[in-house]
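These notes concern the structure reproduced below.
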Number of protein chains: 2
Amino acid sequence: MSEREPKPKRPPRAVDVAAAAEVSIATVSRAFNSPEKVAPAIRERVLAAAKAMGWMPHAAGSALARRRTSIVGAVIPTLDNEVFAAQVGAMQTAFAERGITLLLSCFNYNRDQAFDDVQAMLARGVEALAIVGEAHRPDLFPSIQARHVPYVVTYSHRPDSPHPCVGFDNRQAFRTITRHLLDLGHEVIGVIVQPTAGNDRVAARLDGVRDALAERGLGIRPQHLCEGEWSIDFGRQSVRAILATEPRPTAVICGNDYLAVGALLEARAMGLAVPGDLSITGFDDIAISRQMDPPLTTMHIDNREIGRRAAGYLLDCLEGGTPSPPPPLPPLEPTLIRRGSTAAPAAGDVASGGIAGQG
Amino acid sequence: MSEREPKPKRPPRAVDVAAAAEVSIATVSRAFNSPEKVAPAIRERVLAAAKAMGWMPHAAGSALARRRTSIVGAVIPTLDNEVFAAQVGAMQTAFAERGITLLLSCFNYNRDQAFDDVQAMLARGVEALAIVGEAHRPDLFPSIQARHVPYVVTYSHRPDSPHPCVGFDNRQAFRTITRHLLDLGHEVIGVIVQPTAGNDRVAARLDGVRDALAERGLGIRPQHLCEGEWSIDFGRQSVRAILATEPRPTAVICGNDYLAVGALLEARAMGLAVPGDLSITGFDDIAISRQMDPPLTTMHIDNREIGRRAAGYLLDCLEGGTPSPPPPLPPLEPTLIRRGSTAAPAAGDVASGGIAGQG
DNA sequence: TTGTACGCGTTATCAT
DNA sequence: ATGATAACGCGTACAA
């Protein structure tokens, strides 16, 4: 056996660097965390030694001593929706700039999963949490508050929410888009939405549609409402179902762009003209929407901005220290993007739909 | 001042639970980590006390004592591409089942970013790493190996790669899809790809196209090759540019489905028939591809399976212990999905393209 | 079965 | 400016 290191298996520790640089372990720590407090010559020596043996402070020990983990968590339904992927991407970027690591949970619209994931995150010592939506298990937010962990609810912004939230008013947004169709002259309108159960955003959207319809004395007929998974395929089958009913809608409002893309594709496949025979609206303004033929009328949501604001708010909480009460967050303003998929209904259709009122 | 707890700010620790349950701190730990080693009655008492004060083992302390962090890292280019989002989602699920937390890095096709992210992950004590692609900074993999951290390269599978990888042979896959077009009778073929710089997968794909063309004595003419960001818009502008050249291609091969979707939409917008006037192929089989009109011929990649396999491999490394050399990983087989966007070229077009050979 | 005591790797306080 | 040393919160030999 030669003299060379028998098993360098174990990663180097601060003491090893200290020995190599012939300084104390405290100096090693300082050289990394407050370089200005150590003499340049020594600092160089330490840094060189560290680089030579590939040492870097181990986060676990560091977190313990510092009492800061520099970890925050993001809790979203799924990465399969471009909307949440964009939010997470923006948050990650914002946090990375401050040396904070983002922990991700995809709960797949399952409340228990979301709860468990949050507990795991708390155990990991997350210093803050961003959570999509507020329709969660009743014990979720209390479990976070009990630990005094700051949090935000994203993608939603009820005026009277008990939680700090960064997002927009889903209900108001759907009032806007519904009025757009009403102003064009539509009176019989179909609606395709995601499951409302356990999804506060979708419920709010549906309420918004009802609000706007009620203003004109109209309502949603049961046969004109389809509720199911947000997928292009569900959009397709739903529009087919809705168009088979009487009175036949001249427009369809979709709960998001995936559904609307499906509705648009299927309507065209059925030989219908869009918007001539049927107007279609979406929500979110995902990448594909403006590429469709005709391009989709939808509400644009700046999801990267939501991510940035959520991160900014949480960073304020962390850096502002405990005393300062978090500043209030203004809602984002979704903007109606009028594109080719909506227009006035054909004359005959309007007449036949004149008695669309339902309640 | 009443007698109630002055400042319960600090989260409870194991000692607090121990005191409440009137046991030692060791028993608290055991009650959570090896329940069978503690008497049922005591166990209940401990668990109850813990639940009452909302205690759970703090990961940092636990990691330090155990010398295991139960964290692994995933390094991908971006979440904006459905392909990587699916991989990450699958990995996260697989790891979560084993109580392992997934740390995510999106390096945005920036090698330095990838390197820095990996260093940060190593500092966090990741026990394993999954990394998309192998075209990284030359010091990336050595820095991982130096720490004896097991890793896999995903989304790629060169037969002679020095790294364990889970993916498919990009070159072979593009040979297949190119031959598909050649067999249909196409001889003048345009190519639209992502940037090859710093992206081994794309370079391999381009090589695959060249391989298949060369088999028939053909090549890619410079004016028929567009390289740029993978986006629907770049697909659109590229197909327009390519179709303005002579000889005019009868088919276009795209480096991924986003580009192909753009090419398809633009070709139709230009009034061309697809596949009548132009055949188009994609790659990945993203969700929108089969929805297009005509649906896109593409190669199907099971990205969730890639994620699962990568996770499975890394779990084997972790649980198998140090001695066992990791088992070899077979490549996945992408499958050609023939849909409506490809067909034989029109007779006239074939004739005019007879001299497509270039070298 | 339960308790004692030490170690995990780093940071921070306090001398020097 | 630098060094010694006590936390930080938990797991686990080892002893009882």
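Each chain gets a letter, A, B and so on, in the order its sequence line appears, and its residues count up from 1. What's counted below: heavy atoms across the whole structure, side chains too, no hydrogens, waters or symmetry copies. As the structure is a prediction and not an experimental result, all values here were calculated from the model.
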query = Counting any heavy atom closer than 4.0 Å, what does Ser29(B) reach on the DNA or RNA strands: base, sugar-phosphate only, or nothing?
reply = base

Ionic contact status for Glu134(B) with Arg201(B), cut-off 4.0 Å = no

task = Output the single nucleotide from dG3(D), dG9(C), dC10(D) whose closest atom is nearest the side chain of His58(A).
result = dG9(C)

query = Is Arg98(B) paired with Glu319(B) through a side-chain N to carboxylate O contact shorter than 4.0 Å?
reply = yes

Nearest-neighbour nucleotide for the Pro57(A) side chain, dT2(D), dT10(C), dA12(C) considered = dT10(C)

Residues Arg45(A), Glu22(A): salt bridge by 4.0 Å N-O rule = no

query = For Ile42(A), which contact category applies under a 4.0 Å heavy-atom criterion: base, sugar-phosphate, or nothing?
reply = sugar-phosphate

key: 5′-ward residue of the pair Arg67(A)/Glu22(A) relative to DNA chain D   = Glu22(A)

request  = Describe the nucleic acid contact of Val15(B) in one word from base, sugar-phosphate, nothing, applying a heavy-atom distance below 4.0 Å.
outcome  = nothing

ask   = So which of Leu315(B), Ile71(B), Leu314(B), Thr69(B) actually passes side-chain contact (heavy atoms from CB on, under 4.5 Å) with Ile100(B)?
value = Leu315(B)

request  = Would you kindly compare Leu64(B) and Pro40(B) by the position of their nearest DNA chain C nucleotide and give the one closer to the 5′ end?
outcome  = Pro40(B)

Donor + acceptor pair across side chains of Ser29(A), Asn33(A) (<3.5 Å) = yes

query = Looking across every strand, which nucleic acid part, if any, lies under 4.0 Å from Val28(A) by heavy atom: base, sugar-phosphate, or nothing?
reply = nothing

ask   = To the nearest angstrom, how far is Leu122(B) atom CG from dG9(C) atom C1'?
value = 16 Å

query = Hey, are Asp80(B) and Arg304(A) close enough for a salt bridge, meaning a charged N less than 4.0 Å from a carboxylate O?
reply = yes

Atom-pair distance (CD on Glu44(A); P on dT2(D)), nearest Å = 12 Å

note = Looking only at dG7(C), dT4(C), dT2(C), the nucleotide nearest the Ala65(B) side chain is dG7(C)

note = From NZ of Lys37(A) across to P of dT16(C) the rounded distance in Å is 18 Å

task = Among dG9(C), dC8(C), dA1(D), find the nucleotide with the atom closest to the side chain of Ala39(A).
result = dA1(D)

ask   = Tell me: CG of Asn33(B) to P of dG9(D), nearest whole Å?
value = 17 Å

inquiry  = Measure CE/Met56(B) against P/dG11(D) and give the value in whole Å, please.
reply    = 12 Å

task = Nearest-nucleotide wise, let me know which of Arg43(A) and Ile25(A) is further upstream toward the 5' end of DNA chain D.
result = Arg43(A)

Closest listed nucleotide, where the reference is the side chain of Ser62(B) and the choices are dT11(C), dG11(D), dC8(C) = dG11(D)

message = If you go through the side-chain atoms of Arg30(B), does one of them form a donor-acceptor pair with the base of dG3(C) closer than 3.5 Å?
response = yes

inquiry  = Side chain of Arg66(B), heavy atoms from C-beta onward: which of dC10(D), dG3(D), dG11(D) has the nearest atom to it?
reply    = dG11(D)

ask   = For the side chain of Arg10(A), counting heavy atoms from C-beta on, which of dA4(D), dC8(C), dT11(C) is nearest?
value = dC8(C)

inquiry  = Within the 4.0 Å heavy-atom criterion, would you say Ala60(B) contacts the bases, only the backbone, or no part of the nucleic acid?
reply    = nothing

task = Give a yes/no on whether any side-chain N or O of Arg13(A) is located under 4.0 angstrom from OP1 or OP2 of dG9(C).
result = yes

query = Within less than 4.0 Å of OP1 or OP2 of dT2(C), is there a side-chain N or O belonging to Ser24(B)?
reply = no

